[in-house]
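Written out below as structure tokens is the structure these notes cover.
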Amino acid sequence: MIDQLTALVPDVDFVSGKNFSWSPREKRITYRPDSLSNEGLWALLHETGHAMLGHLDYHSDYELLKMEVDAWEKAKKLAIELGIHINNEHIEQCLDSYRDWLYRRSICPSCGTKTIQKDNTNNYSCFNCHAQWQVSPSRFCRAYRTLRSNSEITLT
């Protein structure tokens, strides 16, 4: 499979590692060679989708989610070309992890109102109580929020 994908994206290096990821800076896809059946293979196709779509960076939470959706759509097309079936339930579970991450970040820690990201930073603002908080830029970070002052909250 790696040889087939290398032929499709010859400018990308495929490197064995401990997880599946796309690094636009290094133009490298890392994959787990011991996990290349079913879900691991699907993850490899997903990361290849990111590479083929030229995903470099995201500037908002919504943009990250859109990139994930697009990469899965590309992975499904790649899978058809390669005679592989990707389980749609698996895709939705993966996307749900991002949706849940976005949802948790958007909950006002003061009053519980669901909000949206304020701008292309990690700042949120509540429509209801006007609290403001900042979340980690990491998509791997669990959102822990603490009160910074009367209406400002920060991640610790």
Side-chain angles (χ1 to χ4, degrees), residues 1-109 114-125 133-146 148 153-156:
M1 180 58 55
I2 299 300
D3 291 338
Q4 291 174 293
L5 294 175
T6 300
L8 290 171
V9 282
D11 58 329
V12 171
D13 291 323
F14 287 82
V15 179
S16 64
K18 294 182 180 182
N19 56 26
F20 292 88
S21 63
W22 159 239
S23 172
R25 192 170 320 164
E26 286 100 15
K27 294 190 93 167
R28 177 177 53 210
I29 292 173
T30 304
Y31 66 95
R32 290 182 49 197
D34 62 333
S35 299
L36 288 181
S37 63
N38 292 330
E39 292 180 9
L41 182 57
W42 303 337
L44 179 61
L45 294 175
H46 171 75
E47 299 306 333
T48 304
H50 280 299
M52 293 179 86
L53 293 168
H55 288 166
L56 301 175
D57 197 9
Y58 59 94
H59 303 287
S60 69
D61 295 351
Y62 174 77
E63 188 178 352
L64 173 61
L65 179 58
K66 180 166 180 4
M67 288 171 67
E68 289 300 316
V69 169
D70 292 346
W72 277 114
E73 288 301 314
K74 187 66 174 175
K76 287 196 298 191
K77 290 176 184 173
L78 273 172
I80 291 168
E81 287 177 33
L82 298 169
I84 298 167
H85 171 75
I86 299 179
N87 183 314
N88 283 324
E89 186 175 317
H90 173 77
I91 293 171
E92 288 306 314
Q93 287 175 349
C94 291
L95 292 174
D96 279 347
S97 70
Y98 284 94
R99 292 179 191 117
D100 292 345
W101 173 78
L102 287 170
Y103 178 77
R104 286 189 308 272
R105 290 163 67 92
S106 72
I107 298 171
C108 175
K114 288 21 163 215
T115 65
I116 60 173
Q117 192 173 13
K118 186 175 171 183
D119 48 31
N120 286 348
T121 65
N122 298 308
N123 298 318
Y124 280 78
S125 181
W133 65 98
Q134 192 174 52
V135 294
S136 168
S138 173
R139 63 188 169 99
F140 302 110
C141 185
R142 187 170 165 198
Y144 291 98
R145 298 184 191 101
T146 58
R148 196 167 52 196
I153 292 134
T154 189
L155 179 71
T156 58

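What's counted below: heavy atoms across the whole structure, side chains too, no hydrogens, waters or symmetry copies.
Note that CZ of Arg99 is 5.0 Å distant from CG of Leu95, once rounded to the nearest 0.5 Å. Taken to the nearest 0.5 Å, the OG1 atom of Thr6 stands 5.0 Å off from the CZ atom of Phe14. A distance of 12.5 Å separates CD of Gln134 from OG of Ser125, quoted to the nearest 0.5 Å. Put simply, OG on Ser97 and CG on Leu102 are 9.5 Å apart, with the number rounded to the nearest 0.5 Å. Note that CD1 of Ile2 is 4.0 Å distant from OH of Tyr31, once rounded to the nearest 0.5 Å. Considering OG of Ser60 and NZ of Lys66, their distance stands at 11.0 Å, rounded to 0.5 Å.
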Using atom types as modelled, flag every donor-acceptor pair under 3.5 Å from a side chain in residues 38-56 to any protein atom, sequence neighbours excluded.
{"unit_1": "Trp42", "atom_1": "NE1", "unit_2": "His85", "atom_2": "O", "d": "3.1"}
{"unit_1": "His46", "atom_1": "ND1", "unit_2": "Trp72", "atom_2": "NE1", "d": "3.3"}
{"unit_1": "His46", "atom_1": "NE2", "unit_2": "His50", "atom_2": "NE2", "d": "3.1"}
{"unit_1": "His46", "atom_1": "NE2", "unit_2": "Glu68", "atom_2": "OE1", "d": "2.8"}
{"unit_1": "Glu47", "atom_1": "OE1", "unit_2": "Trp22", "atom_2": "N", "d": "3.2"}
{"unit_1": "Thr48", "atom_1": "OG1", "unit_2": "Leu44", "atom_2": "O", "d": "2.8"}
{"unit_1": "His50", "atom_1": "ND1", "unit_2": "His55", "atom_2": "ND1", "d": "2.7"}
{"unit_1": "His50", "atom_1": "NE2", "unit_2": "Glu68", "atom_2": "OE2", "d": "3.1"}

N/O donor-acceptor pairs under 3.5 Å from side chains in residues 74-83, not counting sequence neighbours:
{"unit_1": "Lys76", "atom_1": "NZ", "unit_2": "Glu73", "atom_2": "OE2", "d": "3.2"}

Item checked: Residues Lys114, Ile107; criterion side-chain contact (heavy atoms from CB on, under 4.5 Å); working and verdict -> CA-CA 5 Å; Lys114 288 21 163 215; Ile107 298 171; 4.0 Å; yes
Evaluation steps, side-chain contact (heavy atoms from CB on, under 4.5 Å), between Ile84 and Met1: CA-CA 11 Å; Ile84 298 167; Met1 180 58 55; 3.3 Å; yes
For this session: For side-chain contact (heavy atoms from CB on, under 4.5 Å), just list the numbers for Arg104 and Asp100, CA-CA rounded to whole Å, side-chain angles, deciding distance to a tenth of an Å, and then say yes or no.
Result: CA-CA 6 Å; Arg104 286 189 308 272; Asp100 292 345; 3.5 Å; yes
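Using a 4.5 Å cut-off on side-chain heavy atoms (C-beta onward), Leu65 and Trp101 make no contact. In this structure, the side chains of Cys108 and Trp133 come closer than 4.5 Å at one or more pairs of heavy atoms. Between Tyr62 and Gln117, the closest side-chain pair of non-hydrogen atoms is not below 4.5 Å.
The minimum heavy-atom distance linking Asp57 with Met67 is given by the pair O-SD, 3.7 Å. Here the shortest heavy-atom pairing between Ser106 and Tyr103 reads OG-O, 2.8 Å. Pro33 and Gly17 make their closest contact through CD-O, 4.0 Å (heavy atoms, listed as atom of the first residue, atom of the second, distance).
Considering only residues two or more places apart in sequence or on other chains, Asp11 meets the side chain to side chain contact (heavy atoms under 4.5 Å, CB included) condition with Val9, Lys27.
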